[in-house]
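Written out below as structure tokens is the structure these notes cover.
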Amino acid sequence: MANDVLTQLCKILEERKQAADPNSSYVASLHHKGLNKILEKVGEEAVETVLAAKDAQSSGDNRDVIYETADLWFHSLVMLSHLGEDASAVINELERRFDLSGLEEKAARNNS
Ligand SMILES: N=c1c2ncn([C@@H]3O[C@H](COP(=O)(O)OP(=O)(O)OP(=O)(O)O)[C@@H](O)[C@H]3O)c2ncn1[C@@H]1O[C@H](COP(=O)(O)O)[C@@H](O)[C@H]1O
């Protein structure tokens, strides 16, 4: 399910990058402003996520950290899209590491 949302969002991000008006689309406005603006947003959202996580630790309320993490993921996807990539490239990399760790576990079991 999470993957479906990412797939749909990536499709919309691609459409916005290709065709949308920067005056009516936030995503198109970021592409129009360029990579430095997108990176500034990623950095900003990363800091906001870290601060929200620290607050969540003391308050026990995770709502803000979830909200800020969604902002961070969203802007990271815009960054990838600007560079001609999308979420599938990252998911493939995570999958590769997962497979790799599976093999390592198996090898460790065989050697014991
Ligand atoms: N998921 C999101 C999403 N998450 C966050 N944001 C925007 O990201 C911005 C967050 O930045 P800030 O919190 O710093 O808010 P801000 O002060 O308004 O931003 P700046 O002026 O500093 O750039 C806000 O403007 C949010 O509206 C998003 N904007 C769009 N989407 C998705 O992208 C799709 C396409 O959006 P449009 O391009 O606007 O049609 C939408 O259908 C949504 O699914």
Side-chain angles (χ1 to χ4, degrees):
M1 178 173 174
N3 220 339
D4 283 352
V5 172
L6 281 181
T7 304
Q8 284 174 40
L9 180 56
C10 286
K11 195 166 167 264
I12 293 172
L13 294 185
E14 194 53 34
E15 287 167 10
R16 296 294 196 266
K17 183 174 102 167
Q18 299 298 338
D21 177 359
N23 294 315
S24 57
S25 156
Y26 176 69
V27 173
S29 79
L30 285 177
H31 287 299
H32 186 72
K33 287 173 188 163
L35 183 62
N36 283 352
K37 178 65 187 179
I38 297 170
L39 297 180
E40 185 186 308
K41 293 303 295 179
V42 172
E44 225 177 88
E45 301 304 345
V47 170
E48 285 171 13
T49 301
V50 169
L51 295 176
K54 288 303 286 179
D55 284 349
Q57 191 180 36
S58 45
S59 71
D61 182 346
N62 287 341
R63 278 174 296 187
D64 282 354
V65 72
I66 290 167
Y67 187 91
E68 295 301 345
T69 303
D71 274 353
L72 176 59
W73 285 17
F74 167 72
H75 285 90
S76 300
L77 289 172
V78 175
M79 173 194 72
L80 288 171
S81 168
H82 196 81
L83 296 171
E85 297 290 347
D86 67 15
S88 64
V90 179
I91 289 168
N92 288 345
E93 174 59 18
L94 290 173
E95 209 164 31
R96 189 188 67 79
R97 294 178 194 182
F98 188 72
D99 290 346
L100 216 61
S101 67
L103 287 177
E104 280 164 6
E105 258 173 47
K106 235 186 257 169
R109 270 202 305 274
N110 289 342
N111 289 334
S112 64

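Remember, it's 1-based here, ligands and their atoms both numbered in the order they're listed.
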- Message: If we count only non-hydrogen protein atoms and require a distance under 4.0 Å, does atom 43 (C) of ligand 1 qualify as touching the protein?
- Response: no
- Do you know the tightest heavy-atom contact between Glu68 and Ala52? CG-CB, 4.0 Å
- N/O donor-acceptor pair under 3.5 Å between Ser25 side chain and Pro22 backbone: no
- Note on the structure: Numbered in order shown, the ligand 1 atoms found under 4.0 Å of a heavy atom of Glu44 are 14 (O)
- Could you tell me whether atom 2 (C) of ligand 1 has a protein heavy atom closer than 4.0 Å? yes
- Going by the atom numbers of ligand 1, which of them fall below 4.0 Å from some non-hydrogen atom of His75? 8 (O), 10 (C)
- So is there a nitrogen or oxygen of Ser24 less than 3.5 Å from a nitrogen or oxygen in ligand 1? no
- Please state which protein non-hydrogen atom is closest to atom 35 (C) of ligand 1 and give its distance, to 0.1 Å? Arg16 NE, 3.7 Å
- Message: Minimum heavy-atom separation for His75 and Val42, please, with both atom names.
- Response: O-CG2, 3.6 Å
- When you measure from atom 38 (O) of ligand 1 to every protein heavy atom, which one gives the shortest distance, and what is it? Ser25 OG, 2.5 Å
- Message: As a test of understanding, state which of Leu77, Leu72, Val78 forms a side chain to side chain contact (heavy atoms under 4.5 Å, CB included) with Phe74.
- Response: Val78
- Message: Distance check, rounded to the nearest 0.5 Å: Leu13 atom CG versus His82 atom NE2?
- Response: 13.0 Å
- Message: Regarding Lys37 and Glu40, does a basic nitrogen lie under 4.0 Å from an acidic carboxylate oxygen?
- Response: yes
- Donor-acceptor pair, side chain of Ser81 and main chain of Glu14, under 3.5 angstrom: no
- Note on the structure: ligand 1 to Lys41, heavy atom cutoff 4.0 Å, flagged ligand atoms 11 (O), 12 (P), 14 (O), 19 (O), 20 (P), 22 (O), 23 (O)
- Side chain Thr69, main chain Val65, donor-acceptor under 3.5 Å: yes
- What are the two closest heavy atoms between Asp86 and Ser88, and how far apart are they? OD1-OG, 2.5 Å
- Item | Heavy-atom protein neighbour under 4.0 angstrom from atom 40 (O) of ligand 1 | yes
- Message: Counting only nitrogen or oxygen atoms and a 3.5 angstrom limit, does Glu48 reach ligand 1?
- Response: no
- For ligand 1, which atoms have a heavy atom of Glu45 less than 4.0 angstrom away? 10 (C), 11 (O), 12 (P), 13 (O), 14 (O)
- Query: How does Tyr26 reach ligand 1, by side chain, by backbone, by both or by neither, if only non-hydrogen atoms under 4.0 Å count?
  - Reply: both
- Message: Would you say atom 17 (O) of ligand 1 makes contact with the protein, given that contact here means a non-hydrogen protein atom less than 4.0 Å away?
- Response: no
- Message: My question is simple, although I want it checked carefully: is atom 27 (O) of ligand 1 less than 4.0 angstrom from any protein heavy atom?
- Response: no
- Going from CD1 on Ile91 to OG1 on Thr7, what distance comes out if it is rounded to the nearest 0.5 angstrom? 6.5 Å
- Query: Taking the minimum heavy-atom distance to atom 5 (C) of ligand 1, which of Ile12, Val27, Asp21, Asp71 ranks first?
  - Reply: Asp71
- For atom 29 (N) of ligand 1, closest protein heavy-atom neighbour: Phe74 CZ, 3.4 Å
